[in-house]
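Notes for the one structure printed next.
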Amino acid sequence: MEIAAINTVSVAPHSRLLSNTFSRKLGSVSSLSLPSIKREYRVGSARLRVSAASSSSMDAVTAEKTSPSSFLENRESKKVLHFVKYHGLGNDFILVDNRDSSEPKITQEQVAKLCDRNFGVGADGVIFAMPGVNGADYTMRIFNSDGSEPEMCGNGVRCFARFIAELENLQGKHSFTMHTGAGLIVPEIQDDGQVMVDMGIPILKAQDVPTKLPGTKGEAVVQAELVVDGVTWNVTCVSMGNPHCITFGTKGGPNLKVDDLNLPEIGPKFEHHEMFPARTNTEFVEVLSRSHLKMRVWERGAGATLACGTGACALVVAAVLEGRANRKCTVDLPGGPLEIEWRQEDNHIYMTGPAEAVFYGSALL
């Protein structure tokens, strides 16, 4: 990227947008002495104007406080998309304030371009915060990095909850309802900033997952045989509103050591297997103890990611059904741990984990 400095340019005396963007980290800097500066910098077709008064008149620079709502409001245009980027255990998303419309601000093709880590912003997906429907407070729509639209995403739900809390300036413990493609989801922001999500009841009926594999335990697919590239794997199929295929290893083989997997090679073969008409997310699981599991995931439409919340929920269900684990487990993902509980009293799955804002940005479309 070529940057050219142009001298002798009359410069505007303020840069509100820059101070807003960086105020989260800068706070206040006192007693800053600077020489007189008047420069304009050209970055591609854009111009950045900077000015600083002389040391005699500039005693302090104070960065203004901001929030996602103040940064995003009244700044949308046809050519620029303003967003906040979040991650949940390294599973990262571009969050867009879309509360003024029930249609996404950008197309699926633009989503794929934004998610490109070399030529775009870089993310595992784009999430739109939309007006609620059917009595829900909000609607969440998510698109994968390839532009496809899944039903929902567990890590994305937590990021969505934190995004809404900042947009609405919610403090302390709060919960609200979200309409998703997988139904109603209820996240609750905890006092420590973590988010607990009621993920609902797991779906086990084969045709509803969906999978063409025949049921092995009633209508549920539990420890069924699946041949992938000539190798027979034992798999259990669970839907959390989106399809999951969980495996603890090959038929007759040793228990998995997930760090030894060649995930980019094996993952796509599961995702596009003919037994999964809607494709599938695949979780490869290593049992460390009855309350501690370790997984790697190949996500439908996104590939290998650092975390998958719905996958962590699905694998605990699979581990319980296969008799490998208790109903409350810590699940280690490449990006960090999630706490998962499949409660017997209501049959719901509860996921607890972090979500953090990374930066605020503006993307050219």
Side-chain angles (χ1 to χ4, degrees), residues 86 88 91 93 95-104 124-144 148-168 170 172-190 193-205 207-210 220 237-244 278 280-281 299-301 307-317 327-328 331 338-355:
Y86 283 76
N91 197 191
F93 304 95
L95 275 291
V96 178
D97 184 5
N98 214 121
R99 292 173 297 166
D100 59 350
S101 173
S102 58
E103 290 298 321
D124 292 321
V126 177
I127 297 174
F128 300 91
M130 294 179 164
V133 297
N134 301 327
D137 297 317
Y138 304 97
T139 295
M140 168 182 157
R141 286 188 68 181
I142 177 171
F143 292 85
N144 291 320
S148 62
E149 183 174 9
E151 298 81 359
M152 61 95 70
C153 169
N155 289 317
V157 167
R158 299 198 315 278
C159 292
F160 184 100
R162 289 293 300 272
F163 184 54
I164 291 296
E166 292 199 64
L167 287 174
E168 302 285 7
L170 302 178
K173 196 170 186 177
H174 280 277
S175 66
F176 48 83
T177 55
M178 298 167 44
H179 175 76
T180 74
L184 194 68
I185 300 293
V186 184
E188 181 179 83
I189 300 171
Q190 307 296 295
Q194 295 226 94
V195 183
M196 182 177 73
V197 185
D198 179 352
M199 299 290 287
I201 298 172
I203 298 166
L204 300 176
K205 189 176 180 180
Q207 68 181 35
D208 294 336
V209 170
C237 297
V238 178
S239 172
M240 293 302 305
N242 56 350
H244 293 270
T280 191
N281 302 281
E299 290 198 52
R300 177 186 60 168
C308 177
T310 55
C313 294
L315 75 85
V316 169
V317 172
R327 285 178 169 263
K328 188 173 184 179
V331 179
L338 287 173
E339 300 300 323
I340 308 295
E341 182 179 7
W342 185 18
R343 292 184 187 171
Q344 195 160 11
E345 55 266 31
D346 62 4
N347 202 30
H348 284 226
I349 303 178
Y350 295 84
M351 170 188 64
T352 303

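Hydrogens, waters and symmetry mates play no part in the numbers below; they use all other heavy atoms, side chains included.
Nearest heavy atoms, R99 versus E168: NH1-OE2, 3.1 Å. Of all heavy-atom pairs between P187 and V195, the closest is CB-CG1, 4.0 Å. The nearest pair of heavy atoms linking L338 to G353 is CD2-CA, 3.7 Å. I185 and D198 make their closest contact through CG2-O, 3.9 Å (heavy atoms, listed as atom of the first residue, atom of the second, distance). Annotation for E103 and S101: closest pair N-OG, 3.0 Å, computed over non-hydrogen atoms. When all heavy atoms of L95 and C159 are compared, the closest pair comes out as CD2-CB, 4.3 Å.
Of the inter-residue distances, the one linking C237 atom SG with H244 atom NE2 reads 11.0 Å to the nearest 0.5 angstrom. Annotation: the span from N98 atom CG to R141 atom CZ amounts to 9.0 Å, rounded to 0.5 Å. The CD atom of E345 sits 6.0 Å away from atom CZ of R343, with the distance rounded to the nearest 0.5 Å. Summarising the geometry, atom SG belonging to C153 is positioned 5.5 Å from atom CE belonging to M140; distances are rounded to the nearest 0.5 Å. Once rounded to the nearest 0.5 Å, the distance linking CD1 of I142 with CG of N155 reads 9.0 Å. In this structure, OG1 in T180 is found 5.0 Å from CE in M152, a value given to the nearest 0.5 Å.
R300 and E151 are joined by a salt bridge, as a carboxylate oxygen and a charged side-chain nitrogen come within less than 4.0 angstrom of each other.
Panel note: side chain D137, backbone T177; a donor-acceptor pair is recorded below 3.5 Å. Not one N or O on the side chain of N144 forms a donor-acceptor pair closer than 3.5 Å with the backbone of G125. Listed for the W342 side chain is a donor-acceptor partner under 3.5 Å among the backbone atoms of N347. With hydrogens and angles disregarded, no donor-acceptor distance shorter than 3.5 Å links the side chain of R162 to the backbone of P354. Side chain of D208 to main chain of P210: no donor-acceptor pair is present (N/O by atom type, distance under 3.5 Å, no hydrogens or angles). Side-chain atoms of T139 come within 3.5 Å of backbone N or O of P131 as a donor-acceptor pair.
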Q: Using the side chain to side chain contact (heavy atoms under 4.5 Å, CB included) rule, take I189 and L170 through it: C-alpha gap first, then chi angles, then the decisive distance, then the call.
A: CA-CA 10 Å; I189 300 171; L170 302 178; 5.6 Å; no
Q: In sequence, state the C-alpha distance, the side-chain angles, and the governing distance for V317 and I349, and then conclude on side chain to side chain contact (heavy atoms under 4.5 Å, CB included).
A: CA-CA 9 Å; V317 172; I349 303 178; 3.2 Å; yes
Q. Given the rule in the side chain to side chain contact (heavy atoms under 4.5 Å, CB included) test, do V186 and V197 qualify, once you have shown the distances and angles that lead to the verdict?
A. CA-CA 6 Å; V186 184; V197 185; over 6 Å; no
**Q.** side chain to side chain contact (heavy atoms under 4.5 Å, CB included) between E299 and N91, intermediate numbers included
**A.** CA-CA 11 Å; E299 290 198 52; N91 197 191; 3.8 Å; yes
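Considering only heavy atoms from C-beta on, M351 comes within 4.5 Å of R158 through its side chain. When side chains are defined from C-beta on, F160 does not count as touching Y86, because their heavy atoms never get closer than 4.5 Å. No side-chain heavy atom of I203 sits less than 4.5 Å from a side-chain heavy atom of V238.
F176 pairs by the ring pair (Phe, Tyr, Trp, His ring centres under 6.0 Å) definition with Y138, not counting sequence neighbours. Residues that satisfy the side-chain contact (heavy atoms from CB on, under 4.5 Å) test with S175, not counting sequence neighbours, are E188.
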